Amino acid sequence: MAILLFLIPISLLLLGVAVWAFVWSVRGGQYDDLDTAPLDILRDDPPLSAPAPEQKDPPADALRSNDAD
């Protein structure tokens, strides 16, 4: 029976934390738009664009031959 003196205040504290978290999430707009997220999974991804061709540096031998002349 003595354990109830410990468990009841702990349960009331946890209930208060849960109510506070719910009120905080409602005020923060967590539940404003419940329809968009489930529909996002059904949308197609945009097509991938082709990567730009890479520019290669001239070989180092070509630079040395020009410097020697």
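What you see is a predicted model, and the numbers here were worked out from it, not measured in a lab.
Think of Leu42 as one node in a network of Ile, Leu, Val, Met, Phe, Trp and Tyr side chains linked at under 4.5 Å; its network also takes in Leu39, Ile41.
Rounding to the nearest 0.5 Å gives a distance of 13.0 Å between CG of Leu15 and CD1 of Ile10. Atom CD of Gln30 and atom CZ of Phe22 lie 11.0 Å apart (nearest 0.5 Å).
For the side chain to side chain contact (heavy atoms under 4.5 Å, CB included) with Thr36, the qualifying choice from Asp33, Asp32, Leu34 is Asp33, the only one to do so.
Hydrophobic clustering (side-chain heavy atoms under 4.5 Å, transitive across Ile, Leu, Val, Met, Phe, Trp, Tyr) groups Leu12 together with Leu4. The hydrophobic cluster containing Leu13 does not contain Val23, counting ILVMFWY residues as joined when their side-chain heavy atoms lie under 4.5 angstrom apart, directly or transitively. When hydrophobic clusters are built by joining Ile, Leu, Val, Met, Phe, Trp and Tyr residues whose side-chain heavy atoms come closer than 4.5 Å, directly or via intermediates, Met1 is grouped together with Ile8.
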